[in-house]
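This report refers to the structure that appears directly beneath it.
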Amino acid sequence: MKNLKETSIRIILENQAESGAYVACPTFPTYRYSWLRDGSFIGYSMLLYGEVVSCEKFLIWVNETILKKTSKVELLKEKLKAKVEITQKDFLPTRFTLDGEEVMDTWPNHQVDGYGAWLWLLSEFIERTGKTEYLSLFKESIDLTLAYLEITWNLPNYDCWEENGEGVHPSTLACIYGGISAISRHIPGEELTFLAGKIREYTLTLTVDNRFKKNSLSASVDSSLLWLSVPFKLVLPEDPVMVETINAIENKLLEKGGVKRYPEDSYYGGGQWILLSCWLGWYYTKTGTKEKALEIRDWVEKQADEQGNLPEQVLGIMNYPEQKKYWESRWGKNARPLLWSHAMYLILFRAISEKESDK
Ligand code: BGC
């Protein structure tokens with residue numbers, strides 16, 4: 001697909017609601033909401049391509065949405081202090097309606113990663129635009145998010161794939177660590193650095209065979225482990241534990257340029273995810289293996305349909321092909337266009353161009 005860059009920017013802008021929220025996928029009914037996780041990377045891609053207003057609108061929407069949850073955070077704090085039983089409903093949601101309301105359904109909603117990711121996006125936004133006024137404009141929602149992360153970071157919650165609610169997940173911890181350390185650059189005092197250090201120390205224990213493991217309860221591998229290095233910098237890309245993690249991702253999850261989520265994945269058959277493929281490419285741009293990044297970019301470009309829409313996953317090479325039909329009959333065809341896929345393509349495209357202009 002030619003001009004996938006321009007098409008991706010257009011698809012994202014066209015699917016940003018008036019409120020500022022980005023819909024996860026406009027054509028897939030189950031994804032008609034806005035996720036803090038997806039949105040943070042979508043907003044970041046807009047920032048990279050000079051679409052500052054789009055990113056700013058998203059941040060303003062997050063700020064307003066989070067503030068509506070103030071009493072929930074206060075209540076959770078009290079419950080944890082009093083050691084009374086807490087349930088999923090006591091935690092902040094991972095996705096909202098485009099008007100910033102909580103979605104009342106039975107789908108696992110207790111995921112903490114997005115709260116770290118938005119703080120990371122906010123500090124990227126401030127640093128790239130110089131709009132430091134947002135530190136005071138958003139003071140309340142920043143403080144609320146930090147208070148929430150401080151009490152929840154080491155509690156079990158659902159992972160970024162909305163599964164495994166009993167575990168604690170390195171990729172979730174990476175988002176929390178990344179968000180806290182990014183925003184700490186703008187907030188005086190040592191407290192946040194200390195908290196980030198504690199989170200890092202704990203995350204470094206979640207390893208097996210000298211590589212990161214999927215979560216506290218599973219030794220499997222998961223491509224979201226990439227987030228530990230890029231962009232959240234909990235470890236350097238060259239760190240031996242990260243390198244070993246990449247080896248496992250390459251050996252078990254990468255095939256012909258496409259990357260799967262994890263070996264046991266059966267969602268829509270468990271195919272190759274555009275966003276994760278781009279993530280691995282992004283990682284390669286940090287380690288100087290540009291050829292490999294280019295190979296992935298080429299593969300991704302071939303996956304766009306005639307209108308330039310990228311899917312969530314490519315259903316060619318699958319873990320459990322027989323599961324594809326089941327999911328199609330339940331939720332319809334695999335989501336397309338997925339805004340997060342387009343965002344990650346844009347991020348990879350920019351990372352490769354930056355490498356090229358370094359020369
Ligand atoms: C994925 C999440 C994502 C959501 C919306 C889910 O299937 O597992 O990571 O946030 O879709 O894109």
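Numbers for residues simply follow the sequence, beginning at 1. All ligand and atom numbering here is 1-based and tracks the order in the structure.
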- request: Any chance you could measure Ile183, atom CD1, to Glu124, atom CD, to the nearest 0.5 Å?
  value: 10.5 Å
- prompt: Should Asp265 and Trp161 be marked as a side-chain hydrogen bond (donor to acceptor under 3.5 Å, both in side chains) after you check the CA-CA gap, both sets of side-chain angles, and the distance that decides it?
  reply: CA-CA 10 Å; Asp265 186 12; Trp161 313 130; over 6 Å; no
Please report, to 0.1 Å, the donor-acceptor pairs under 3.5 Å made by any side chain of residues 241-251, with sequence neighbours excluded.
{"unit_1": "Thr245", "atom_1": "OG1", "unit_2": "Phe212", "atom_2": "N", "d": "3.1"}
{"unit_1": "Thr245", "atom_1": "OG1", "unit_2": "Val241", "atom_2": "O", "d": "2.6"}
{"unit_1": "Glu250", "atom_1": "OE2", "unit_2": "Tyr284", "atom_2": "OH", "d": "2.5"}
{"unit_1": "Glu250", "atom_1": "OE2", "unit_2": "Lys292", "atom_2": "NZ", "d": "3.2"}
{"unit_1": "Asn251", "atom_1": "ND2", "unit_2": "Asn247", "atom_2": "O", "d": "3.1"}

Partner of Trp120 under ring pair (Phe, Tyr, Trp, His ring centres under 6.0 Å), chosen from Trp227, Phe232, Phe125, Tyr115: Phe232
query: What class does the angle between the rings of Phe91 and His110 fall in, given that below 30° is parallel, 30 to 60° is tilted and above 60° is perpendicular?
result: parallel
message: Can you classify the ring geometry of Phe138 versus Trp118 as parallel (below 30°), tilted (30 to 60°) or perpendicular (above 60°)?
response: tilted
Would you mind listing each N/O atom of ligand 1 next to any protein N/O under 3.5 Å, plus the distance?
{"unit_1": "ligand 1", "atom_1": "7 (O)", "unit_2": "Tyr31", "atom_2": "OH", "d": "2.5"}
{"unit_1": "ligand 1", "atom_1": "8 (O)", "unit_2": "Arg261", "atom_2": "NH1", "d": "3.4"}
{"unit_1": "ligand 1", "atom_1": "9 (O)", "unit_2": "Arg37", "atom_2": "NE", "d": "3.4"}
{"unit_1": "ligand 1", "atom_1": "9 (O)", "unit_2": "Cys160", "atom_2": "O", "d": "2.6"}
{"unit_1": "ligand 1", "atom_1": "10 (O)", "unit_2": "Arg37", "atom_2": "NE", "d": "3.3"}
{"unit_1": "ligand 1", "atom_1": "10 (O)", "unit_2": "Arg37", "atom_2": "NH2", "d": "3.0"}
{"unit_1": "ligand 1", "atom_1": "10 (O)", "unit_2": "Asp38", "atom_2": "OD1", "d": "2.6"}
{"unit_1": "ligand 1", "atom_1": "11 (O)", "unit_2": "Tyr31", "atom_2": "OH", "d": "3.2"}
{"unit_1": "ligand 1", "atom_1": "12 (O)", "unit_2": "Asp38", "atom_2": "OD2", "d": "2.6"}

